[in-house]
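Just so you know, ligand 1 is whichever comes first in the structure, and atom 1 is the first atom listed for that ligand.
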Amino acid sequence: MKKVVKFGGSSLASARQFKKVGEIIRADKARRYVVPSAPGKRNDKDDKVTDLLYQCYDAASEGRSYKKILEKIKGRYEEIVDGLGVNMSLDPAFESIEENFLNKAGRDYAASRGEYLNGVIMAAYLGYTFIDAAEVIFFDDAGNFDAEGTDKELSERLEHIERAIIPGFYGSRHDGTIQTFSRGGSDVTGSIVAKAIHADMYENWTDVSGFLVADPRIIKQPEVIETITYKELRELAYMGAGVLHEDAIFPVRKEGIPINIRNTNRPEDKGTLIVETTVRKPRYTITGIAGKKGFCSINIEKAMMNAEVGFGRKVLQVFEDYGISFEHMPSGIDTMTVLVHQSEFEEYEQSVIAGIHRAVEPDFVEMESDLALIAVVGRGMKASRGTAGRIFSALAHARINVKMIDQGSSELNIIIGVKNADFEAAIKAIYDIFVMAEM
Ligand code: ASP
């Protein structure tokens, strides 16, 4: 059994957290390949080391004073090294970092030092082999991730190494310059390593006990999702429910490796298991609810629209011309509605309306702003009758007017449009009818 374990910034923010991580790794022999993030926040007011590194680099490369921030960063690592009782000096590493900052080694180089140093410390603490991600994770000259080259190098290197630490978030281009993934990218590194070694499991350790059925800012202590499929996750993540970097899914999904989201502060919790398919029934009819505010709808009406071939294409072409992507497009016999992000649309509003008039000569065009979309997602909906009925009667009881309904034929989700002002109440009503009532 081989596991790749990735630890997020809050799991490695201090010596105290590092010790918890050490215990977790030692508790399971299969946890052979470890991907650390940089030290994150220890409390709400704290800084992430990655942010401090960006600030420090900007100051140093622009000739402003940077020593104070650099000392602060060094202090974060010293607390960890001292607290763990690891016998090592950080001086040489910080001297070369300072020199490279002054020589303008790049912002990506700067940010990457956060995970690099955490990796070096962790390797010394656990007695694992340290592998610099720059030697095994590659980007091409245009800055795109080189999946093939990386997979080959990484699998060859790790084949003969029993236990290794590979820092997250960065790699190198062919010319040797350091490049990072986008923020939160250590999740991606973990997934790439899991694929390369054909891991049985990719454990992603963070500070929550998995994906929650609904947003905890709206629902007090929502239930944790035990098992979720990649497809369901995609639907929820699209609507803003995020624990995992989006790009972390593809490498492991291709290989059929499950991801287990776990909580470093509560290792006894099982967390959420993300899988391709499962015969495990979800605990409730629905798997999760997520949503977003800030949409608007453009409703286009024209008599005999149904007979006009190409009507929809012409309308959508106008949106495309202005670079606006559409979210949903429910339609009637003589009407079609296009839902878009209000912030993307506002700037071009009048031009788009004029464009639609020119393209299809509608009878009239009407707009409505301040709409929210809610996705009710669940593989369990396919097998049970009356899900839609329950959702809409719950919304009716809560006196919420439904503006739009969209259910794809996959029966994996139902999307509901409501006014922004009804957003929270709608989520509460749906949560109650499925989770509270089915408990
Ligand atoms: N340390 C990086 C960040 O703050 C990457 C990561 O934590 O995954 O974005």
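Residues passing the ring-ring contact (aromatic ring centres under 6.0 Å, His included) test with Tyr322 are Tyr348, sequence neighbours excluded. Not counting sequence neighbours, the partners of Ala93 by the side-chain contact (heavy atoms from CB on, under 4.5 Å) test are Leu117.
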I'd like a table of the close N/O pairs between ligand 1 and the protein (anything under 3.5 Å), one pair per line with both atom names and the distance.
unit_1, atom_1, unit_2, atom_2, d
ligand 1, 1 (N), Thr50, OG1, 2.8
ligand 1, 1 (N), Glu115, OE1, 3.1
ligand 1, 1 (N), Glu115, OE2, 3.4
ligand 1, 4 (O), Thr50, OG1, 3.4
ligand 1, 4 (O), Arg183, NH2, 2.9
ligand 1, 7 (O), Ser37, OG, 3.2
ligand 1, 8 (O), Gly184, O, 3.4
ligand 1, 8 (O), Gly185, N, 3.3
ligand 1, 8 (O), Ser186, N, 3.0
ligand 1, 8 (O), Ser186, OG, 3.1
ligand 1, 9 (O), Arg183, NE, 2.7
ligand 1, 9 (O), Gly184, N, 2.8

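Phe181 has its ring centre less than 6.0 Å from the ring centre of Phe139.
The closest side-chain donor-acceptor pair between Ser297 and Glu368, if any, does not fall under 3.5 angstrom.
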Residues 103-110 side chain polar contacts: donor-acceptor under 3.5 Å, at least two apart:
unit_1, atom_1, unit_2, atom_2, d
Asn103, ND2, Glu99, O, 3.3
Lys104, NZ, Ser61, O, 3.4
Arg107, NE, Asp58, OD1, 3.0
Arg107, NH2, Asp58, OD2, 3.0
Asp108, OD2, Thr180, N, 3.0
Tyr109, OH, Asn100, ND2, 2.9

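Under a cutoff of 6.0 Å and an axis angle of 45°, Arg64 and Tyr57 do not form a cation-pi pair.
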